[in-house]
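Read the numbers this way: they start at 1 and go in the same order the structure lists the ligands and their atoms. These numbers were taken from a predicted model, which means no experiment stands behind them. One-based numbering along the sequence shown.
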Amino acid sequence: MEKYSSLDINHSSPEKQTDWWKAIVHSINDGVLVIDLEGIVQLVNPEYLRITGATPSIIGKPLKESRPGAQLTEILVDRKTRVGVYRKTGNREYIVDMAPIILDDKVIGAVSVCKSLDEVHKLTQELKLKGEKLEQLQKKMSSLYQANYTFKQIIGKNMGLKDAVNVAEKVADTDLPILITGESGTGKELFAQAMHNDSKRKNNPFVPVNCAAIPAALLESELFGYGEGAFTNAKKGGKIGLFEIANNGTIFLDEIGDMSFELQAKLLRVLQEKKIRRVGETRERDINVRIIAATHRDLQQLVKKNHFREDLFYRLNVISLHIPPLRDRKDDIPELVDAFLQSSIINLSLDLESINYTISRHTLRFLQTYEWPGNVRELRNMIDYATCMMEGTEIKIEHLPETITKNRIDISEFNETTSSYNSLQEAVQDAEKRFILETLKKFGNDLEEKKRAANALGISLATLYNKINRYNLDF
Ligand SMILES: Nc1ncnc2c1ncn2[C@@H]1O[C@H](COP(=O)(O)OP(=O)(O)O)[C@@H](O)[C@H]1O
Ligand SMILES: [Mg+2]
């Protein structure tokens with residue numbers, strides 16, 4: 001076959017040039033028909049014949065003869081382009097674009113370009129299927145990233161806790177950044193979820209990220225995603241980041257104090273510009289994400305030591321919520337125990353209808369002297385454990401895990417059996433004396449420790465001193 005190059009065509013004969021343009025028109029994937037100024041068909045390509053069902057015999061004849069309804073000839077007069085005109089011949093449907101051909105400001109003909117509707121139907125169908133699939137994926141994603149807790153499920157009446165709940169409820173439905181502080185297991189994520197569910201973002205994703213659990217080198221691409229070929233082993237087509245997943249919802253940045261200094265700078269930029277850039281890409285993407293950060297660390301201290309960026313700290317710390325440790329709100333323990341006991345029983349599918357499961361008063365009292373280093377999470381796990389261990393319907397000291405009871409001075413003092421006394425008063429006083437002594441031994445003997453012991457006992461410091469004197473309890 002003869003080959004043309006641009007150089008050949010410019011210097012070749014007029015016939016050759018015409019061949020060249022014809023060859024181009026023939027190779028086009030849409031149907032093309034050209035008429036001259038007289039309305040005579042000068043050129044059609046095979047695709048045109050296929051789509052419209054016309055035969056090559058129309059070439060050289062007036063278009064109006066073979067296709068009486070054709071609008072193309074009108075264009076020779078009004079010079080107006082037409083786009084997306086629907087045509088039907090027999091059962092063939094197609095869409096036509098038409099335009100005048102203008103040379104030196106004069107109309108010398110007109111061209112019609114058509115696409116079969118079969119094709120359009122096919123594409124529409126494909127698009128619809130893709131759209132449905134996308135919708136399904138989005139639904140699946142939302143169900144993966146859902147917040148379960150609401151404010152109603154936050155148990156506790158302690159003042160310290162209530163203060164935090166009050167602030168959280170006030171700012172839940174705003175876009176203000178929040179910083180939640182508190183020891184591990186105090187309920188930081190619970191608060192974040194409750195706030196998300198109390199905002200207009202509640203039907204969009206809640207995406208928790210534990211910044212301490214993801215290696216620093218990976219965290220950036222986890223948060224912001226990466227573009228194709230960003231690094232070796234990068235997935236084809238790149239990867240979406242958690243910020244993009246959280247779009248229109250909330251991202252919960254847990255253990256933010258553990259984020260690397262470099263990444264802190266990038267996070268600050270995201271907060272300020274509301275745009276993210278995937279690793280290895282230059283394009284920026286708009287995002288609309290509410291940020292709730294949490295840490296068990298003292299961020300202000302980290303700022304002083306130059307481990308946490310001061311600018312980011314002030315940016316995040318617009319609203320700060322502090323959740324007190326469980327040992328400072330032991331008044332909430334009975335209610336928490338009760339709720340966890342019920343849910344534990346439901347999880348174990350024990351027979352709820354006929355039996356009333358409880359915890360013995362002694363055991364509950366012991367739980368109020370324990371320090372709970374793992375806070376509410378530890379209490380919850382402990383109840384789960386005890387529910388499994390319990391024989392009968394009541395949780396007793398011996399059903400508690402050893403890790404909790406091993407530090408007790410004398411377990412027998414909490415045994416459920418009672419010795420005989422001469423009077424009720426004697427029994428009460430003896431129990432009181434032993435319980436106070438036990439608690440003091442546990443907390444220690446200096447002022448601060450006595451204050452905490454009094455708190456655990458549910459009495460004032462003054463009362464505790466009175467009792468120490470009365471029972472001669474100083475040790
Ligand atoms: N006030 C509370 N009421 C009910 N459950 C709580 C409360 N505080 C914490 N929990 C439970 O304790 C566990 C730990 O809470 P989480 O929010 O994960 O703590 P953190 O994020 O501070 O480590 C969860 O199972 C949570 O449901
Ligand atoms: Mg947590």
Side-chain angles (χ1 to χ4, degrees), residues 145-169 172 177-199 206-214 219 222 242 246 250-259 290-299 316-317 319-348 359 364 367-368 370-388 401 403-404:
Y145 289 107
Q146 221 172 27
N148 302 315
Y149 286 103
T150 61
F151 280 116
K152 278 205 193 85
Q153 285 152 290
I154 300 183
I155 299 163
K157 296 189 175 53
N158 170 276
M159 281 311 289
L161 185 83
K162 275 282 160 211
D163 284 348
V165 170
N166 287 340
V167 176
E169 278 180 331
I178 312 278
L179 181 65
I180 308 178
T181 56
E183 291 174 14
S184 172
T186 47
K188 296 186 293 297
E189 179 158 356
L190 179 83
F191 267 73
Q193 291 195 12
M195 292 175 77
H196 172 81
N197 273 338
D198 205 29
S199 77
F206 174 88
V207 180
V209 191
N210 188 332
C211 303
I214 302 171
L219 189 55
E222 284 295 315
L242 293 167
T250 306
I251 198 163
F252 175 58
L253 298 174
D254 202 1
E255 300 307 354
I256 187 99
D258 292 68
M259 187 181 273
R290 203 266 176 90
I291 297 193
I292 303 182
T295 180
H296 74 281
R297 290 165 179 260
D298 183 346
L299 278 195
L316 289 173
N317 197 31
I319 304 289
S320 60
L321 293 178
H322 178 72
I323 310 184
L326 186 56
R327 65 177 169 280
D328 290 350
R329 47 182 166 113
K330 288 182 170 166
D331 40 337
D332 283 342
I333 288 178
E335 203 188 337
L336 284 165
V337 166
D338 195 48
F340 294 158
L341 184 56
Q342 299 317 319
S343 79
S344 202
I345 283 161
I346 290 168
N347 287 342
L348 284 172
I359 184 162
L364 192 58
L367 296 183
Q368 286 180 288
Y370 183 67
E371 286 291 85
W372 301 109
N375 293 295
V376 185
R377 180 179 292 115
E378 186 183 7
L379 177 62
R380 176 166 216 160
N381 291 340
M382 195 226 63
I383 296 291
D384 282 343
Y385 176 93
T387 322
C388 287
T403 44
I404 289 181

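Tested against Thr250, the residues Gln193, Arg290, His196 include a single side chain to side chain donor-acceptor pair (under 3.5 Å) partner, His196. Each of Lys188, Arg327, His296 was evaluated against Glu183; a single residue qualifies, Arg327, per the side chain to side chain donor-acceptor pair (under 3.5 Å) test. Tested against Leu179 for a side-chain contact (heavy atoms from CB on, under 4.5 Å), the candidates Ile291, Leu321, Ile256, Ile292 yield a single pass: Ile256.
At a 4.0 Å heavy-atom cut-off, the residues surrounding ligand 1 are Tyr149, Gln153, Ile154, Ile155, Glu183, Ser184, Gly185, Thr186, Gly187, Lys188, Glu189, Leu190, Leu336, Phe340, Val376, Arg377, Arg380, listed by chain and number.
The aromatic rings of Phe151 and Phe191 sit perpendicular to each other, their planes meeting at more than 60°, with 30° as the lower class boundary.
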Run the numbers on Ile333 and Trp372 for side chain to side chain contact (heavy atoms under 4.5 Å, CB included), then give the verdict. CA-CA 11 Å; Ile333 288 178; Trp372 301 109; 3.5 Å; yes
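Using modelled atom types, one side-chain atom of Gln153 and one backbone atom of Thr150 make a donor-acceptor pair closer than 3.5 Å.
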